[in-house]
Amino acid sequence: DDGRFRWQTLLPQNWNVNVYADGYAPLLGETIEAGKEDLVFVLSQGQRIEGQILSANTGDAIASLRVLVRNVEGVGEIFRTKADENGRFAFDRMAPGNYKLELDDIKWALLDGAVSASVLEGEDTNGLILKAVPGARIVGSIRSAADNSGVPEIRVEAVEASLNPDRHTTKKAAVSDSEGEYEITG
């Protein structure tokens with residue numbers, strides 16, 4: 001096996017290609033034109049993003065919170081991990097690129113919104129500190145103007161209203177239930 005591949009019967013257009021292989025960082029969003037031949041995708045072992053979750057109020061480590069990381073270009077998967085008993089977390093085999101880290105927890109939120117991390121080829125990203133605060137919630141309902149009945153399956157978004165242009169804006173969402181009720185947490 002020499003690593004060759006072939007796609008047949010593709011529409012003649014550009015395609016975004018993601019390449020996944022065990023033991024390698026994913027290669028995400030390579031744009032290719034159908035009909036090209038002898039394409040070569042070079043896979044790397046990837047790099048590591050690691051850090052710790054601390055209480056913004058006390059400085060103490062916060063154990064067992066879920067952390068997610070996503071590519072800021074919106075390409076590829078969202079990766080998740082869980083912090084250990086010392087609040088430490090790590091993501092391995094990350095492709096070079098720019099990422100945002102967020103908490104995936106209904107009881108905690110990041111004090112300054114999503115945290116940015118850049119991954120460079122050959123360099124791990126260490127020592128990130130995620131400062132967390134107890135999260136709040138927004139509870140309400142969606143009602144029909146015609147008869148005041150609850151409207152189900154409506155997406156409700158809360159977008160952080162920050163006056164600081166350097167702060168990463170956080171967006172949270174919920175979908176109303178069968179009675180039109182919703183709850184946005186974190």
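All figures in this text were calculated on a predicted structure; none of them were measured in a lab. Position 1 is the first residue of the sequence; numbering continues from there.
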Give the table of side-chain donor-acceptor pairs shorter than 3.5 Å for residues 34-44, with sequence neighbours excluded, one pair per line with atom names and distance.
| residue | atom | partner | partner atom | Å |
| --- | --- | --- | --- | --- |
| S44 | OG | G46 | N | 3.3 |

- With sequence neighbours excluded, give me every side-chain hydrogen bond (donor to acceptor under 3.5 Å, both in side chains) pair touching residues 49-65. R48-E50, S55-T58, T58-D60

- Could you go through the side-chain contact (heavy atoms from CB on, under 4.5 Å) check for L101 and I49 one step at a time? CA-CA 10 Å; L101 288 86; I49 296 176; 4.1 Å; yes

- Query: How long is the gap from CZ on R93 to CG on D22, to the nearest 0.5 Å?
  - Reply: 9.0 Å

- Message: Using side-chain contact (heavy atoms from CB on, under 4.5 Å), reason through L10 and Q8 one step at a time and then give a plain yes or no.
- Response: CA-CA 6 Å; L10 291 175; Q8 295 182 3; over 6 Å; no

- State which residues pass side chain to side chain contact (heavy atoms under 4.5 Å, CB included) with S144; sequence neighbours excluded, sorted by chain then number. A146, D147, S149, V151

- Message: Could you work out, with side chain to side chain contact (heavy atoms under 4.5 Å, CB included) as the rule, every residue matching A174, not counting sequence neighbours?
- Response: Y182, I184

- Message: Between F79 and L68, is the side-chain contact (heavy atoms from CB on, under 4.5 Å) condition met? List the steps.
- Response: CA-CA 6 Å; F79 300 97; L68 64 85; over 6 Å; no

- Task: First locate atom CH2 of W15, then atom CH2 of W7, and finally report the distance between them rounded to the nearest 0.5 Å.
- Result: 9.5 Å

- Message: Strictly by ring-ring contact (aromatic ring centres under 6.0 Å, His included), give each pair with a member in residues 17-37 just once, sequence neighbours left out.
- Response: none

- Task: Before giving the answer on side-chain contact (heavy atoms from CB on, under 4.5 Å), spell out for I62 and L54 the whole-Å C-alpha distance, their side-chain angles and the decisive distance to 0.1 Å.
- Result: CA-CA 6 Å; I62 304 173; L54 301 176; 6.0 Å; no

- Shortest non-hydrogen separation from L128 to S116 and the atoms involved: CD2-O, 4.3 Å

- Test side-chain hydrogen bond (donor to acceptor under 3.5 Å, both in side chains) applied to R155 - qualifying residues, sequence neighbours left out: E157

- With E183, which residues qualify under side-chain hydrogen bond (donor to acceptor under 3.5 Å, both in side chains), at least two apart? R137

- Query: Do S141 side-chain atoms and G180 backbone N/O form a donor-acceptor pair below 3.5 Å?
  - Reply: no

- Task: Applying side-chain contact (heavy atoms from CB on, under 4.5 Å) between L65 and each of I53, L130, D104, T81, report the one that passes.
- Result: I53

- How long is the span from the CZ atom in R6 to the CZ atom in R4, to the nearest 0.5 Å? 9.0 Å

- Message: Checking E181 now: which residues fulfil salt bridge (Lys or Arg N to Asp or Glu O under 4.0 Å) with it, not counting sequence neighbours?
- Response: R143

- Task: Compare all side-chain heavy atoms of Y99 with those of V72 and state whether any distance is below 4.5 angstrom.
- Result: no

- Quick one: pull up CZ in R66 and CZ in F89 and give me the separation to the nearest 0.5 Å. 14.5 Å

- Transitively linked via ILVMFWY side-chain contacts under 4.5 Å: L27 with F91? no

- Inter- and intrachain pairs under side-chain hydrogen bond (donor to acceptor under 3.5 Å, both in side chains), touching residues 121-134, at least two apart: Q47-D124

- Under the side-chain hydrogen bond (donor to acceptor under 3.5 Å, both in side chains) test, residues paired with N16 that sit two or more places apart: T31

- Message: With a 3.5 Å distance limit and no angle check, can you tell me whether N86 reaches the backbone of R88 through a side-chain donor-acceptor pair?
- Response: no

- Task: Applying side-chain hydrogen bond (donor to acceptor under 3.5 Å, both in side chains), name anything that partners D177, two or more places apart in sequence or on another chain.
- Result: none

- Item | Where A25 and A95 come nearest, the two heavy atoms and their spacing | CB-N, 3.7 Å

- Taking ILVMFWY side chains as joined if any heavy atoms are under 4.5 angstrom apart, and letting links pass through other members, which residues group with L120? none

- Query: What's the spacing between S176 OG and I142 CD1 if we round to 0.5 Å?
  - Reply: 6.0 Å

